[in-house]
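Notes for the one structure printed next.
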Amino acid sequence: MQIILGTLAIIISFIYACFSALFGFLFPNTEVIAVRKNLDMNIKPYYVEFHEDTHGGFHGDGEEIIIFRPNQKQIEKIEAEWKKTPIDSGIAPLIFPENEYNGLELTKYIPKTEGFWFYKNRNEFHSGYAYNFSFAFFDGEKVYYYELDT
């Protein structure tokens, strides 16, 4: 009886693992989708070390921070395509504001060190009244991805 129950438990565990992997492949996490769409990088959910998202407000306003470790192929892409620090003076105040910041406190996560950075303006309206952008910073070890929608 114990052999039958043990075998049954192994079979159920195997089936669960297969369906979990298939579900994760067909319906990736939101952080994987954001990075894939805005950074043109296909990351696996297990690369993500930290994720926090406040989207869901009025018209989808909010912020998202994703920290992940890129693989060697992604590091080569970053070093070839992203800009090397320092961050442009027009973009730096958006990322590292000097006044008190009430959001996710981005400066807590993104280090002010040498590295490579990427900025994508996703603003459909070029009025300057709203910010919709993606920013990423690579410090040689991790990618710090930030998305702001206002």
Side-chain angles (χ1 to χ4, degrees), residues 11-150:
I11 292 171
I12 291 172
S13 298
F14 178 74
I15 292 171
Y16 175 77
C18 290
F19 277 112
S20 295
L22 180 63
F23 188 80
F25 177 75
L26 295 175
F27 306 102
N29 298 356
T30 57
E31 63 265 22
V32 173
I33 293 170
V35 170
R36 184 180 301 157
K37 180 175 141 186
N38 294 313
L39 298 183
D40 192 29
M41 282 187 193
N42 188 11
I43 66 167
K44 307 293 184 219
Y46 50 83
Y47 289 178
V48 177
E49 294 184 0
F50 177 82
H51 178 240
E52 189 169 348
D53 189 359
T54 66
H55 284 90
F58 185 66
H59 293 292
D61 291 355
E63 300 171 279
E64 184 170 26
I65 295 175
I66 302 168
I67 300 172
F68 67 94
R69 291 184 184 273
N71 62 31
Q72 187 58 40
K73 185 177 177 183
Q74 293 164 337
I75 291 171
E76 291 168 7
K77 176 183 172 66
I78 289 168
E79 291 174 349
E81 297 176 10
W82 292 13
K83 296 179 182 179
K84 191 149 177 60
T85 53
I87 299 169
D88 286 353
S89 60
I91 296 170
L94 296 172
I95 309 305
F96 303 107
E98 294 183 17
N99 58 357
E100 186 175 327
Y101 185 71
N102 295 323
L104 293 174
E105 298 181 39
L106 179 64
T107 54
K108 207 167 49 170
Y109 300 101
I110 296 180
K112 291 185 180 181
T113 63
E114 295 287 318
F116 295 87
W117 63 277
F118 171 86
Y119 176 82
K120 179 180 181 181
N121 185 357
R122 297 179 289 103
N123 204 357
E124 295 175 20
F125 311 103
H126 299 286
S127 64
Y129 295 111
Y131 294 106
N132 296 304
F133 67 84
S134 299
F135 175 82
F137 180 78
F138 176 62
D139 66 357
E141 187 178 326
K142 298 178 186 178
V143 172
Y144 302 83
Y145 174 81
Y146 177 66
E147 184 177 291
L148 176 66
D149 296 302
T150 64

**OP:** Might you work through the side chain to side chain contact (heavy atoms under 4.5 Å, CB included) test for Gln74 and Phe138, ending with a clear yes or no?
**Re:** CA-CA 11 Å; Gln74 293 164 337; Phe138 176 62; over 6 Å; no

Over all atoms of both residues, closest heavy-atom pair of [X] and [Y]:
| X | Y | answer |
| --- | --- | --- |
| Lys77 | Leu39 | CE-O, 3.8 Å |
| Pro86 | Trp117 | O-NE1, 3.4 Å |
| Glu141 | Pro70 | O-CD, 3.7 Å |
| Lys142 | Ile67 | CD-CG2, 3.8 Å |
| Ala92 | Ile87 | N-CG2, 4.0 Å |

**OP:** Hey, can you tell me if Tyr144 and Phe137 have their rings parallel, tilted or perpendicular (30° and 60° cut-offs)?
**Re:** tilted

Original post:
Taking the side chain as C-beta and beyond, is there a heavy-atom pair between Lys83 and Asp88 under 4.5 Å?
Top reply: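 Contact flag for Lys83/Asp88 side chains = yes.
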
Subject >> Lys84 atom NZ, over 12 foreign heavy atoms within 6.0 Å >> reply: yes

Original post:
Phe133 and Tyr119: aromatic ring centres closer than 6.0 Å?
Top reply: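 Yes, ring centres under 6.0 Å apart.
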
Subject >> Point-to-point distance, once rounded to the nearest 0.5 Å, from NZ of Lys73 to CE of Met41 >> reply: 11.5 Å

Original post:
To the nearest 0.5 Å, how far apart are CZ in Phe118 and OH in Tyr145?
Top reply: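 One gets 8.5 Å once the value is rounded to the nearest 0.5 Å.
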
